[in-house]
Amino acid sequence: MTTHLHATIYICIYLFIITLSSCETSSAPSQNEHSLVPTTPKPPLATPNLIVIDSLGHLDSITNKHSNAYKRIQFRSLDSLLIDANYYYSSDSAPNILLCHQARWNKYEYDSIAVVLQHNGYNCLAIDQRSGGTMDVDGIHPINATHQRAMAAGLPTEYLDAEQDIVAAIDYFYKQAKHPIIIWGSSYSSTLALYNGLNNNKVFAVVSFSPGNYFSSQKGSLIPLITTSAQPFFITSSKKEAEGIKNLIQKTKQNNQQIQFIPKGDGYHGSRALWASKEGHEEYWAAIFSFLESLN
C-alpha cells in the first residue's frame, strides 16, 4: 500500500513538472516573432554607426513583392537626423550604387530598379532624403521616414536641406564599401549628385536622371564643375529636357564615360524612365548598362 502511494506521488510530481515546463516553453515568443529582418537574410553593412531598426522602424515597414530583396538599415545624417535606407546586396565584390530619389517621393522610387541592378551584379543603397514624401508602389503607400522625422523635429525639408543627407550617405556607403561608389540621382537629387559626386574621391562615377542648374544662385553653376571633372558621368532625361542638358555639358568633350543619353521616344523625367510600366524603358536600360559596363 505504501509503495503504491509513493509511486502515485512521484508520478503526480513528474506530470506537474512536465506541464509547467510545457507552459513556460509555449509562452515564450519565438526568436523571429517580432523581427524586422527580411526572411532571406542579406549581409549587413557592419559599422558602429549602424542603428538596428528601432521602435521608429515601423514608419515605413511595408511588405511588397520585393521585400526579400533588401535589408532595411538606418544611419545618421550630418545633423544626426536618422536616415532610413534599403540595402540591396549582390556580392562582396560588386560595385556599389547609392540611389537618391526625386522630389515628393522616397526610396521606393528605386524598388524595382534596384532589384534589376542587384540581379545584374550591383549592390544598391536607396535612401530616404528629408525632402520627399509618400508615393504609390503597387497599390501600397510607403511614407518617407526621414522626412517624417525631420518634420516631427521641426527641421527644414527643402531640396537643399536634403544635401546633407546625400553627403552623409556617400560617407556612410564609402566607409562600408572601402572603395569609391557610384552615386545616382533623380531630378533635384540628380543635380545634388553632380555637385557632390564630381571631383569627390569617394565617388568614381555619377548617374544623373534629369538634372538642371536649379541651385546655381546658391551653389554656383554646374557648367564649370562638369567641364573640369574627369570623372565618368551618365546624364539623361526626357527628350523634351535634352536641350537643357546639352547646355549643362556644352563645354565637355564627351566620350564613352562622359555621355548624355537622349531617348528616341518622348521619355520621362527622373529615374522612373526605367520603370517597366513606362514606354521606352528598354532603351534607357540598354544605355545605362552600357555605361556601367564601361566602368569595369
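All values reported here derive from a predicted model rather than from experimental measurement.
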Are [Y] and [X] connected into the same hydrophobic cluster when the rule is that any two of I, L, V, M, F, W, Y join if their side-chain heavy atoms are below 4.5 Å apart?
{"X": "F75", "Y": "L81", "value": "no"}
{"X": "V116", "Y": "L274", "value": "yes"}
{"X": "F234", "Y": "L117", "value": "yes"}
{"X": "M151", "Y": "Y188", "value": "no"}

Is the centre of the Y87 ring less than 6.0 Å from the centre of the Y70 ring?
no
Less than 4.0 Å between a side-chain N and a carboxylate O, is that true for K202 and D171?
yes
Check side chain to side chain contact (heavy atoms under 4.5 Å, CB included) between T227 and all other residues, then give those that pass, not counting sequence neighbours.
I223, K251, T252
Going by atom types only, do [X] and [Y] share a side-chain donor-acceptor pair under 3.5 Å?
{"X": "H269", "Y": "S237", "value": "no"}
{"X": "Q118", "Y": "N123", "value": "no"}
{"X": "Y88", "Y": "D111", "value": "yes"}

Just verifying a value: how many Å separate Q260 CD and I235 CD1, rounded to the nearest 0.5 Å?
7.5 Å
For [X] against [Y], the heavy-atom pair lying closest together:
{"X": "T191", "Y": "P211", "result": "OG1-CA, 3.5 Å"}
{"X": "Y174", "Y": "H179", "result": "CD1-O, 3.5 Å"}
{"X": "Y122", "Y": "E293", "result": "OH-N, 4.2 Å"}

[X] (side chain) donor-acceptor with [Y] (main chain) under 3.5 angstrom:
{"X": "S189", "Y": "C100", "result": "yes"}
{"X": "S229", "Y": "L225", "result": "no"}
{"X": "N144", "Y": "T134", "result": "no"}

Could you walk me through whether S271 and W184 pass side chain to side chain donor-acceptor pair (under 3.5 Å), step by step?
CA-CA 9 Å; S271 295; W184 176 323; 3.0 Å; yes
For D165, which of R130, Q129, R76 qualifies under side chain to side chain donor-acceptor pair (under 3.5 Å)?
R130
Side chain to side chain donor-acceptor pair (under 3.5 Å) between S186 and E109: does it pass, once the steps are laid out?
CA-CA 9 Å; S186 179; E109 175 181 359; 2.8 Å; yes
Check step by step if side chain to side chain donor-acceptor pair (under 3.5 Å) holds for T146 and D84.
CA-CA 6 Å; T146 307; D84 266 46; 5.1 Å; no
